[in-house]
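What follows is one structure encoded as structure tokens, with my remarks underneath.
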There are 2 protein chains.
Amino acid sequence: MRLRQLECFRALMLHGTMTRAAELLGMSQPGISTMIAGLEHETGLTLFLRRGGRLQPTPEAKLFYVEAARALEAAENASRVAAEIRSGRRGHLAVAAYPSISINLLPRLLSQFARNRPDLQIKIITRNSATVRELMSTQQFDLAVAELPLDYPTSHMEVFSYECLCMLPPAHPLAKLKQITPKDLDGVPFVTLFRGDPIYQQLASAFSEAGARWNVVAETEFFSTACQLVAQGRGVGIVDPVVSKPFTEGLTIRAFKPRIQYQIAILSPTHEALSQVAQDFAGVLRRALRG
Amino acid sequence: MRLRQLECFRALMLHGTMTRAAELLGMSQPGISTMIAGLEHETGLTLFLRRGGRLQPTPEAKLFYVEAARALEAAENASRVAAEIRSGRRGHLAVAAYPSISINLLPRLLSQFARNRPDLQIKIITRNSATVRELMSTQQFDLAVAELPLDYPTSHMEVFSYECLCMLPPAHPLAKLKQITPKDLDGVPFVTLFRGDPIYQQLASAFSEAGARWNVVAETEFFSTACQLVAQGRGVGIVDPVVSKPFTEGLTIRAFKPRIQYQIAILSPTHEALSQVAQDFAGVLRRALRG
DNA sequence: TGCCCATTATAGCTTAATCGTATAGTCGCC
DNA sequence: GGCGACTATACGATTAAGCTATAATGGGCA
């Protein structure tokens with residue numbers, strides 16, 4: 001049984017004559033005739049009585065029509081869904097990410113991405129980087145963004161390295177400098193990430209090597225929190241140039257030497273294939289993270 | 001999009017490799033390969049990644065699979081339903097009939113007919129012959145059986161004519177005769193159909209022409225009622241030889257002269273086509289009514 | 001590294017299905 | 001009886017389906 005036969009059958013049932021059905025399907029009347037003859041032969045049903053050169057649907061045709069129409073609709077639906085999948089209107093995109101990025105940048109990018117993909121189901125899960133990595137290995141997400149280093153570097157990773165910038169409260173005297181060093185910050189109240197963070201360690205080394213006193217007045221878990229404290233004048237701090245950019249509105253940003261490195265990575269599943277939507281969004285994300 | 005493509009796709013999704021899918025569908029591996037390539041081209045989806053000579057379904061394939069399987073099942077269901085319709089296992093058979101036949105003969109025939117058509121929906125409506133004819137003209141029934149004559153003889157009719165027989169209570173003295181005439185029944189208590197019935201009129205003429213006294217002691221609407229009265233010894237009567245046969249168990253049946261004619265007809269719709277089941281049952285009915 | 005094995009892809013061919021044009025047949029209707 | 005509307009058949013061209021043979025790919029293993 002071929003779909004084309006069912007299509008002809010439906011058109012014929014709906015429009016009564018082969019001639020009209022043919023017009024509607026954009027084919028010739030003999031085409032319909034042979035299609036219907038084939039369908040009748042294959043099903044073993046007499047679907048139409050030929051009375052006086054006209055067709056009259058039999059009761060069998062009416063019974064069969066119900067199922068034929070259902071099957072056709074299912075096939076047409078499959079076609080439509082294929083088009084939706086192709087255009088990214090249907091599907092899902094689950095992204096796991098560490099907090100700083102999932103607060104602002106990621107949802108902004110995702111909602112923009114989803115704007116012309118109305119039926120795309122979106123999921124953002126925020127966890128710390130270690131958990132994000134775990135989630136990726138259990139294959140529950142299409143993409144993830146985590147901070148490096150990871151205990152078990154795994155998955156397909158695309159690494160982005162940033163040099164952190166120094167942020168100063170508005171109208172801070174050091175704003176006159178183009179570039180700030182630990183020496184400039186000797187004893188200056190400083191807001192930093194927690195002790196366990198690579199940023200903390202790098203800063204500690206930088207200050208000690210420069211022989212400057214690192215006056216830590218606050219430790220935070222996220223850059224965004226640190227930014228808020230700096231904005232309130234609690235002290236100066238450092239921040240990455242891309243992910244945290246949305247939080248530094250109104251702050252003075254200066255280069256910092258020596259280089260404090262901040263690395264994050266886009267993780268994708270190892271064994272699973274990446275969906276087209278996910279690939280597309282990975283592209284968006286990549287462009288955004290490149291700055 | 002062709003059903004065969006979906007079939008190959010499903011087999012491939014379920015069995016992982018083209019080679020196995022091909023075995024399962026009884027075709028060659030290159031056949032599957034080209035089918036899948038065609039499906040991918042038509043849908044515009046990359047359904048499988050070719051990784052190291054192996055196939056790995058993409059997330060798109062998994063999404064599309066749901067719809068593809070649904071469409072396939074609908075098509076397979078349509079095929080199955082066609083087979084059911086052809087074998088008469090699916091469908092309906094609505095028969096309208098006048099009382100005498102719908103009490104015994106018709107349900108007996110119908111239930112036997114339906115024995116190997118388990119899902120056939122059966123309907124029997126019992127009305128007097130005039131109403132039966134009305135119902136047929138409104139096309140609500142596949143077949144009907146009515147007594148003649150009808151006010152407006154219509155529909156397609158197949159007429160059955162019977163010569164009525166004389167029925168005597170058990171151990172009646174007239175049982176010794178091979179054939180009974182009005183003369184034999186001069187003054188004998190007689191059970192007949194109502195005054196309006198053709199049978200009544202024919203009997204009245206027969207008795208008056210023979211110069212015999214017709215001693216009507218009971219009038220009934222149906223042969224079956226008359227039979228019951230005769231069985232109780234209320235009198236003799238006459239009955240048709242086929243439809244009322246089930247009611248004359250234990251009665252003595254003799255030929256009656258002159259001939260009293262009883263006519264019934266199978267009616268079928270004029271404009272509607274007769275379903276195959278209905279045609280088949282009409283055949284059964286025809287054979288039964290021919291005696 | 002090089003060979004074997006399992007798998008998929010491509011090429012070339014045959015057969016079947018599809019569909020158009022041309023044409024014949026059927027029937028109602030005026 | 002001829003016209004009009006419709007369906008069926010014949011025939012040819014194009015396309016799809018499916019086969020066999022064979023190339024290509026890559027993992028596993030000595």
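Everything numeric in this text was worked out from a predicted model, so none of it was measured. In what follows, chains carry the letters A, B, and so on, assigned in the order in which the sequence lines appear, proteins first and then strands, with residues in each chain numbered from 1.
Listed candidates were D:dT7, D:dA5, C:dG20. Nearest to the side chain of A:R54 is D:dA5. When distances run from any side-chain atom of A:M35 to the nucleotides C:dC19, D:dT9, C:dT10, the shortest one goes to C:dC19. In this structure, of D:dG18, C:dA9, D:dA8, it is D:dG18 that holds the atom nearest to the side chain of B:M27. Picking from D:dT7, C:dT8, D:dA10 the nucleotide with the shortest atom distance to the side chain of A:P30 gives D:dA10.
With salt bridges taken as basic N to acidic carboxylate O contacts below 4.0 Å, none links B:E76 and B:R80. In this structure, B:E67 does not pair ionically with B:K62, as no charged nitrogen and carboxylate oxygen lie closer than 4.0 Å.
In this entry the distance linking CD of B:Q56 with C1' of C:dT7 reads 15 Å, nearest Å. Distance B:M18 CE to C:dT8 P: 6 Å, rounded to the nearest Å. Protein atom CD of B:Q29 is 7 Å distant from nucleotide atom C1' of C:dA9, rounded to whole Å. Atoms CD1 (B:I36) and C1' (D:dA17) sit 14 Å apart, rounded to a whole Å. Rounded to whole Å, atom C1' of C:dT18 lies 12 Å from atom CD1 of A:I32. Computed from coordinates, the B:L55 CG to C:dA6 P distance equals 17 Å when rounded to whole Å. Distance CZ (B:F48) to P (C:dT7): 15 Å, rounded to an integer number of Å. A straight line from CD of B:Q5 to P of D:dG18 spans 10 Å, rounded to a whole angstrom.
Between the side chains of A:Q56 and A:R54, not a single donor N or O lies within less than 3.5 Å of an accepting N or O.
For the OP1/OP2 pair of D:dG18 and a distance below 4.0 Å, the side-chain nitrogens and oxygens of B:S28 include no atom meeting the criterion. Phosphate contact (OP1/OP2 of C:dT18, side-chain N/O of A:R2, threshold under 4.0 Å): present. Listed pair A:T19 / D:dT7 meets the phosphate criterion, a side-chain N or O lying under 4.0 Å from OP1 or OP2. Side-chain nitrogen and oxygen atoms of B:R4 include at least one within less than 4.0 Å of the OP1 or OP2 phosphate oxygen of D:dG18.
Remark: A:R115 fails to qualify as a cation-pi partner of A:F113 under the 6.0 Å distance and 45° angle criteria applied to the six-membered ring.
Ring planes of B:F9 and B:F64: tilted class, angle from 30 to 60°.
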